[in-house]
Amino acid sequence: VTAKKLVTGINILAPVASPGTNIYTLSVTKNGAGTVGVLLDSAQTLYSHGDSITVGSLATALSKRYVNTIARAFGLGVANKAVNGSILEETGQIDNIYAQNIDETSISTILTGYNNHRYFGTDTTRLDTYKKALPVALAYLSIPNSKKAFGTSLTTTGTWTATSTYGTTGKSIATKTAGSTATVTMDGSVLYVAGTRVEAANTGSITVYVDDLVMGTYSCSGVKPSSTQKRTYAPFMARLSGLQNGPHTVRIVSNSDGYCQIDWVGGNANLTAFPRVYVGGALLMTPDRYIKNSPAGSVQSNTLYNTVITQTR
């Protein structure tokens, strides 16, 4: 990649090689400001997730969509998985993220939150739903599938049923039986247990153990139906940190007869290479769009969602 101007106001500076690696750092600037570090490695396709902004609905040409601009700088092809009008927790985004096969060379982008604050404004339950769903999306894109165990591959006791909540062809499992357990051995100093919360009043909770130590109890309820697809469920995740690096036994126990769902368990075990994930902030609406969507889509709601994005690790 050579230093060049790709479209008006956007510049790609010459890459700088990391010593002894095939990884390069690119600088992408917009109008001389807002430098963003970007990694270039051996991956062949850039997967992009988001809404109409990422689709490029108002771009004057395919080549001027921001995803295509970035991919061109990488020398990559584009798999644009964004969907017009979508929000993070629903079909157009989380389902497409879960459908992506992640390996050590995967490169993904996600620009989300615009429609969430546009539709829901400062609604605290919807903001909480987004806050709990975003780490799941980022962790999924950051962890190779070889380092995940999907629900149906866990060792279970009690009563569990395979589910296809996110179009994942039966990879998740769910129970309504107190005392049901799901167990897996997972490597890493940080482990992730991803499940699904639902609206139903009779939803239960799970307790997560690592090597027989209680790591926390998590509710499987609290989701408010969205005003778009009326979906009454959304992902959440337990992030278990501060562990010794190495294999651990993860055991998930259902605490009541209420509904609980487990989607996948992952670990940050040492890898020779890592997937790359680039996260953008929720954009602020134009004045005319704000007037149309008021009181949602305000500076206040935009700030709330961007605070979630910047604080998510």
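Along the sequence shown, residues carry numbers from 1. Reckoned from all heavy atoms, side chains included, excluding hydrogens, waters and symmetry mates.
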Exercise. May I ask you to test the Thr232-Val223 pair for a side-chain heavy-atom distance under 4.5 Å?
Key: no
Practice problem: Go through the steps for Arg239 and Val190 under the test side chain to side chain contact (heavy atoms under 4.5 Å, CB included), then give the verdict. | Solution: CA-CA 7 Å; Arg239 183 180 184 273; Val190 180; 3.9 Å; yes
Self-check item: Ile143 versus Gly267, closest heavy-atom pair with distance
Solution: CG2-O, 3.9 Å
Quiz item: Going by atom types only, do Gln261 and Thr165 share a side-chain donor-acceptor pair under 3.5 Å?
Solution: yes
Self-check item: Cation over ring face, Lys81 and Tyr47, 6.0 Å, 45°
Solution: no
Exercise. Measure the shortest side-chain to side-chain distance between His49 and Thr112 over non-hydrogen atoms and say whether it is less than 4.5 angstrom.
Key: no
Quiz item: Do the non-hydrogen side-chain atoms of His248 and Val210 ever get within less than 4.5 Å of each other?
Solution: yes
Practice problem: For residues Val265 and Leu154, determine if any side-chain heavy atom of one lies less than 4.5 Å from a side-chain heavy atom of the other. | Solution: yes
Self-check item: Exercise: identify the closest heavy-atom pair between Leu46 and Phe74
Solution: CD1-CE1, 4.3 Å
Exercise. Show your working on side chain to side chain contact (heavy atoms under 4.5 Å, CB included) between Thr122 and Leu127 and close with a plain yes or no.
Key: CA-CA 7 Å; Thr122 60; Leu127 181 64; over 6 Å; no
Quiz item: Per the side chain to side chain contact (heavy atoms under 4.5 Å, CB included) rule, which among Val208, Asp263, Val184 passes with Val193?
Solution: Val208
Self-check item: Ser52 and Tyr114: side chain donor to acceptor below 3.5 Å
Solution: no
Quiz prompt | Gln100-Ser108 side chain donor-acceptor pair, cut-off 3.5 Å | solution = yes
Quiz item: Looking at Thr109, Leu111, Ile309, which one forms a side chain to side chain contact (heavy atoms under 4.5 Å, CB included) with Val279?
Solution: Ile309
Practice problem: Please determine which of Arg126, Lys131, Arg231 meets the salt bridge (charged side-chain N to carboxylate O under 4.0 Å, His left out) test together with Glu89. | Solution: Arg126
Exercise. Establish, from distance only, whether the side-chain atoms of Ser106 and Asp103 form a donor-acceptor pair under 3.5 Å.
Key: yes
Self-check item: Exercise: do Arg65 and Asn68 side chains pair donor with acceptor under 3.5 Å
Solution: no
Exercise. Could you tell me which non-hydrogen atom of Arg251 sits nearest to which non-hydrogen atom of Asp212, and how far apart they are?
Key: NH2-OD1, 3.5 Å
Quiz item: Any idea how Tyr166 and Tyr233 line up, ring-wise: parallel (<30°), tilted (30 to 60°), or perpendicular (>60°)?
Solution: perpendicular
Quiz item: Below 4.5 Å, heavy atoms only, C-beta onward: do Thr183 and Ile252 meet side chain to side chain?
Solution: no
Quiz item: With no hydrogens and no angle check, is any side-chain donor or acceptor of Ser86 less than 3.5 Å from a backbone partner on Gly50?
Solution: yes
Self-check item: 4.5 Å side-chain heavy-atom contact, Cys220 and Val198
Solution: no
Quiz item: Salt bridge check: are Asp187 and Lys147 linked by an N-O gap of less than 4.0 Å?
Solution: no
Quiz prompt | Residues Phe120, Tyr305; criterion ring-ring contact (aromatic ring centres under 6.0 Å, His included); working and verdict | solution = CA-CA 11 Å; Phe120 310 127; Tyr305 278 87; 7.9 Å; no
Quiz item: How far apart are the closest heavy atoms of Ser219 and Ser205, and which atoms are they?
Solution: CA-CB, 4.1 Å
Quiz prompt | Donor-acceptor pair between Arg276 and Thr105 side chains, under 3.5 angstrom | solution = no
Quiz item: Less than 4.5 Å apart, any side-chain heavy atom of Ile107 and any of Gln44?
Solution: no
Exercise. Assess Lys171 against Phe150: is NZ or CZ under 6.0 Å from the centre of the six-membered ring, and within 45 degrees of the ring's axis?
Key: yes
Quiz item: Do we see a donor-acceptor contact under 3.5 Å between the side chains of Thr177 and Asp257?
Solution: no
Quiz item: Side chains of Trp264 and Tyr192: is there a donor and an acceptor less than 3.5 Å apart?
Solution: no
Quiz item: With a 4.5 Å limit on heavy-atom distance, are the side chains of Lys132 and Arg197 in contact?
Solution: yes
Practice problem: Identify the heavy atoms of Ala162 and Thr152 that sit nearest to each other, and give their distance. | Solution: CB-CG2, 3.9 Å
Exercise. Return the minimal non-hydrogen interatomic distance between Ile53 and Tyr66, and the atom names on each side.
Key: O-CE2, 3.7 Å
Exercise. Indicate whether any N or O donor in one side chain lies under 3.5 Å from an N or O acceptor in the other, for Thr54 and Asn80.
Key: no
Quiz item: Without hydrogens or angle criteria, can the side chains of Thr217 and Thr207 be said to hold a donor-acceptor pair below 3.5 Å?
Solution: yes
Quiz prompt | Tyr119-Val308 co-clustered via ILVMFWY side chain contacts under 4.5 Å | solution = yes
Quiz item: Can you get from Ile70 to Leu283 by hopping between Ile, Leu, Val, Met, Phe, Trp and Tyr side chains that sit under 4.5 Å apart?
Solution: yes
Self-check item: Asp51 and Gln93 side chains, donor-acceptor separation under 3.5 Å
Solution: no
Practice problem: May I ask whether Ile262 and Ile94 are part of the same hydrophobic cluster, defined by side-chain heavy atoms of I, L, V, M, F, W, Y residues being less than 4.5 angstrom apart, directly or through others? | Solution: no
